[in-house]
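Computed from a predicted structure; not experimentally measured.
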Amino acid sequence: MELPHNLGRRVGILGGTFDPVHNGHLAVAEAVMQALALSSILFIPAFLPPHKPTCAISAFQHRAAMLELAVADRPGCAVSRLEAKRAGPSYSIDTLRTLAHGLGKEVRLFFIIGMDAFAEVFTWKGQEELLDHAGFVVVGRPDHGKQSCGQTVAANFPGYAFVEALGSWQGKPGQGTIHPVAMPPVQVSSTGIREAVRQGRPIRNLVPAAVADYIEAHGLYR
Ligand code: ATP
């Protein structure tokens, strides 16, 4: 498997549709990198997102190219196109297995997820196995404040208890921990950006300049 070199030993994984990547995704990466002292963050665009209608999504090549532009000047950030190599829907459990196997036991993986997606985690394929490969990092998202991380943990991850001194939920030995990370809300979504482009409104305050240029040059979201 091709993976970027020098990811270090504490690797954050930020998966998503990234249609397109925006400043909210980049703020999440920065906040989590600092909060958990990660050595790197790997952005993984979903090839076929299982929870979204595929006909409505931009081509993988565009989404991946925009991500590569967005992280080009960000130390510690890299993009992996590994989900494009698999047939069928891009399930996170398959990606985690591949990464855990490819990077080896010395590397700790942290799967980063917004609170909105975490609240749905019980519907994911192989959810009971996810924490065998990685810790979860759950980031608050505007409009999802009421869905508390604790309620989702209690409902879906039996045996996990919050350890005040560590600021995270711990399960059985060998199982990944669940870390809540608070960050100032960034009011931006890919849906909002696609709508703005369609309506001819500016997006340069919502995405990196190179991504705005790419959207314009390829006539995306019109
Ligand atoms: P869409 O509007 O098309 O559903 P999105 O903006 O939610 O897209 P995704 O690519 O689906 O973007 O998100 C990838 C991950 O980033 C998810 O875990 C999501 O919860 C998280 N995320 C996206 N935007 C933000 C934001 N503004 N603040 C915190 N987390 C975010």
Report task. Go through the steps for L96 and E129 under the test side chain to side chain contact (heavy atoms under 4.5 Å, CB included), then give the verdict. Result -> CA-CA 10 Å; L96 283 179; E129 191 195 322; over 6 Å; no
Report task. Would you check, one step at a time, whether the test side chain to side chain contact (heavy atoms under 4.5 Å, CB included) holds for V121 with L130? Result -> CA-CA 10 Å; V121 81; L130 292 165; 4.1 Å; yes
Requested in this report: Step by step, work out the side chain to side chain contact (heavy atoms under 4.5 Å, CB included) result for I57 and R63.
Outcome: CA-CA 9 Å; I57 295 170; R63 295 183 286 113; 3.3 Å; yes
Report task. Please step through side chain to side chain contact (heavy atoms under 4.5 Å, CB included) for the pair H133 and F111, ending with a clear verdict. Result -> CA-CA 9 Å; H133 303 294; F111 188 81; over 6 Å; no
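Minimum heavy-atom separation, I41 to A29: CD1-O, 3.4 Å. V71 and V79 make their closest contact through CG2-CG2, 3.7 Å (heavy atoms, listed as atom of the first residue, atom of the second, distance).
Taking CZ of R10 as the reference point, atom CG of L36 lies at 6.0 Å (rounded to 0.5 Å). Residue S80 holds its OG atom at 7.0 Å from NZ of K85, rounded to the nearest 0.5 Å. Put simply, CH2 on W169 and CG on L131 are 12.5 Å apart, with the number rounded to the nearest 0.5 Å.
Counting heavy atoms of neighbouring residues, nucleotides and ligands inside a 6.0 Å radius, atom CZ of R9 does not exceed 12 of them. Heavy-atom neighbours of N6 CG from other residues, nucleotides or ligands within 6.0 Å: at or below the threshold of 12.
Taking the six-membered ring where the residue is Trp, F157 and F118 present parallel rings, their angle staying beneath 30° rather than reaching 60°.
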